[in-house]
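First comes the structure, then the notes that go with it.
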Amino acid sequence: MASSTTSPSSFAVVVTLAILVVFTGSSSAQLSTSFYSKRCPKVFSTVQSVVKHAISVEARLGASLLRLHFHDCFVNGCDGSILLDDTSSFKGEKTAGPNNRSVRGFKVVDDIKAAVEKECPGVVSCADILAIAARDSVVTLGGPNWDVKVGRRDSKTASFSAANNIGVNIPPPTFSATQLINRFKAKGLSAKDMVALSGAHTIGQARCLSFRDHIYNDSNIDSSFAKTRRSQCPKNTDGRKVLAPLDLQTPTHFDNKYYKNLLSKKGLLHSDQQLYNGGSTDSLVKTYSNNGETFFKDFVTAMIKMGDIDPLTGSSGEIRKNCGKPN
Ligand code: HEM
Ligand SMILES: *[C@@H]1O[C@H](CO)[C@@H](O)[C@H](O)[C@H]1NC(C)=O
Ligand SMILES: *[C@@H]1O[C@H](CO)[C@@H](O)[C@H](O)[C@H]1NC(C)=O
């Protein structure tokens, strides 16, 4: 960085900045909404048009894109690692328990990457594409808008074992409210962020496998809702084939009905209903069910915080040419 013509005073500025970066610790300080304004001025409109088109073909893809960003950020930070296929040197995250035959939307991400590469080759990371596509999905399905911070770089590797480690990373649907709160805390997110982010389950689908124990074994569930769900999700069949909406009312619309369902004990996942089960998060669920604006505001705050989890910046990582492969 410092050339031979660098003056002593500009050298001091560089050193001071370097020290600042080291002592503030978090490299997320380097993410900004304007990172691409010169490098790729049309990146946001380019991503948005591909996302909108995908959702017009299949609304659920909006949910799938939002979830990809979450599962990316909760495993070694928001570094695009979830997008990598297995290579000879590592087994990736795609087939780990929480992801295998469940996460989707990879084709849309590849389409976005192709469109963005055409616009500005080698500039925009796949990790940023996930963050932008998550926001565009929420907006397209009727949710709140916000400015996405960008400047993340892509990992050169991915970890099957980290993605599989439900003891540290992606929380399973069997978790209690306390476990959910602790897991999000460990990722730098508050209990409030956790409750607001769970509102993402206002869109999308879950496999029978993911909610079977809740509809057969739990007592904090509306009995006619449980009966309906059981009829489609028999105890002994392949629980990966049948899907049910996470929000039984409006699964392709981003609204606060998810919380209203929890008040009537119609949460689909065990972990969903845990948020309204006589504990400390009940009051927030009530607030969000009564006030969609408050939910939107807190959801946006929490999404920005989630997008700040351990990004690669500066000269770490790379800008992948193909989101599925290291360069
Ligand atoms: C609080 C802890 C969470 C747990 C235990 C959890 C668990 C799950 C499970 C089990 C599914 C269904 C997977 C399947 O059966 O294929 C699911 C789907 C989904 N999750 Fe979560 N999740 C959590 C938080 C989040 C967060 C923070 C987001 C995003 C901000 C999110 C977004 C989604 C979306 C959009 C879907 C539907 C995806 C689709 O239809 O393709 N979830 N989640
Ligand atoms: C992922 O799912 C496929 C299809 O069910 C299965 O064959 C494969 O063994 C699973 N992979 C892992 C790593 O569990
Ligand atoms: C419900 O609980 C029983 C007894 O603990 C257990 O054997 C079963 O696997 C659980 N799940 C379902 C879907 O019945």
Side-chain angles (χ1 to χ4, degrees), residues 54-55 58-75 78 82 86 91-106 108 130-131 133-135 137-138 141 143-144 160-161 163-164 166 169-187 189-214 233 238-247 251-254 258 262 267-275 281 285 295 298-307 309:
I55 290 175
E58 191 206 352
R60 187 187 171 198
L61 283 167
S64 307
L65 289 169
L66 176 56
R67 188 170 182 234
L68 274 180
H69 181 48
F70 165 49
H71 282 203
D72 183 31
C73 294
F74 265 55
V75 180
C78 314
I82 193 171
D86 298 351
K91 189 166 156 106
E93 296 164 21
K94 286 184 174 180
T95 58
N99 294 335
N100 199 19
R101 294 182 59 180
S102 178
V103 288
R104 55 202 292 282
F106 297 107
V108 186
L130 289 181
R135 185 274 311 269
S137 295
V138 169
L141 295 174
F160 176 81
S161 61
N164 237 351
I166 57 171
N169 293 319
I170 301 167
T174 50
F175 262 17
S176 67
T178 307
Q179 288 174 307
L180 292 167
I181 291 169
N182 290 339
R183 174 58 49 82
F184 278 66
K185 281 238 164 89
K187 298 287 180 187
L189 300 164
S190 66
K192 189 191 209 180
D193 295 327
M194 186 276 288
V195 176
L197 286 170
S198 296
H201 291 173
T202 177
I203 52 175
Q205 306 277 322
R207 299 162 303 160
C208 163
L209 184 73
S210 303
F211 58 85
R212 192 151 52 190
D213 284 357
H214 180 52
C233 177
D238 183 349
R240 290 170 296 200
K241 296 215 170 107
V242 179
L243 296 173
L246 284 156
D247 168 359
T252 61
H253 198 258
F254 197 101
Y258 166 81
L262 298 185
L268 185 63
L269 306 177
H270 172 82
S271 49
D272 291 326
Q273 198 58 59
Q274 278 293 303
L275 306 183
T281 54
V285 170
F295 162 49
D298 290 353
F299 180 80
V300 164
T301 302
M303 281 296 287
I304 293 169
K305 277 171 83 173
M306 186 173 87
I309 299 176

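In each ligand, atom 1 is the first atom listed, and ligand 1 is the first ligand listed.
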Within-cutoff protein neighbour (heavy atom, under 4.0 Å) for atom 7 (O) of ligand 2: no
Protein heavy atom under 4.0 Å of atom 2 (O) of ligand 2: yes
Contacting atoms of ligand 2, where contact means under 4.0 angstrom from a heavy atom of Asn100: 1 (C), 2 (O), 3 (C), 8 (C), 10 (C), 11 (N), 12 (C), 14 (O)
Donor + acceptor pair across side chains of Asn99, His71 (<3.5 Å): yes
Verdict with supporting geometry, Leu61 and Arg104, side-chain contact (heavy atoms from CB on, under 4.5 Å): CA-CA 8 Å; Leu61 283 167; Arg104 55 202 292 282; 3.9 Å; yes
Closest approach of any protein heavy atom to atom 4 (C) of ligand 2, naming residue and atom: Arg101 CD, 3.2 Å
Aromatic ring proximity Phe299/Phe254, centre distance under 6.0 Å: yes
Arg60/Leu243 under side-chain contact (heavy atoms from CB on, under 4.5 Å): CA gap, chis, key distance, verdict: CA-CA 12 Å; Arg60 187 187 171 198; Leu243 296 173; 3.5 Å; yes
Evaluation steps, side-chain contact (heavy atoms from CB on, under 4.5 Å), between Thr281 and Leu180: CA-CA 11 Å; Thr281 54; Leu180 292 167; over 6 Å; no
Can you give me a line-by-line list of nitrogen or oxygen pairs between ligand 1 and the protein shorter than 3.5 Å?
unit_1	atom_1	unit_2	atom_2	d
ligand 1	15 (O)	Arg207	N	2.7
ligand 1	15 (O)	Arg207	NE	3.1
ligand 1	15 (O)	Ser210	OG	2.5
ligand 1	16 (O)	Ser102	OG	2.5
ligand 1	16 (O)	Arg207	NE	2.8
ligand 1	20 (N)	His201	NE2	2.9
ligand 1	22 (N)	His201	NE2	3.0
ligand 1	40 (O)	Arg60	NE	2.7
ligand 1	40 (O)	Arg60	NH2	3.3
ligand 1	40 (O)	Gln205	N	2.9
ligand 1	41 (O)	Arg60	NE	3.3
ligand 1	41 (O)	Arg60	NH2	3.3
ligand 1	41 (O)	Ser64	OG	2.7
ligand 1	42 (N)	His201	NE2	2.9
ligand 1	43 (N)	His201	NE2	3.0

His214 side chain to Gly267 backbone, donor-acceptor under 3.5 Å: yes
For atom 13 (C) of ligand 2, closest protein heavy-atom neighbour: Thr95 O, 3.5 Å
Derivation and outcome, side-chain contact (heavy atoms from CB on, under 4.5 Å), residues His270 and Asp213: CA-CA 8 Å; His270 172 82; Asp213 284 357; over 6 Å; no
Over 12 non-hydrogen atoms of neighbours within 6.0 angstrom of NZ in Lys192: no
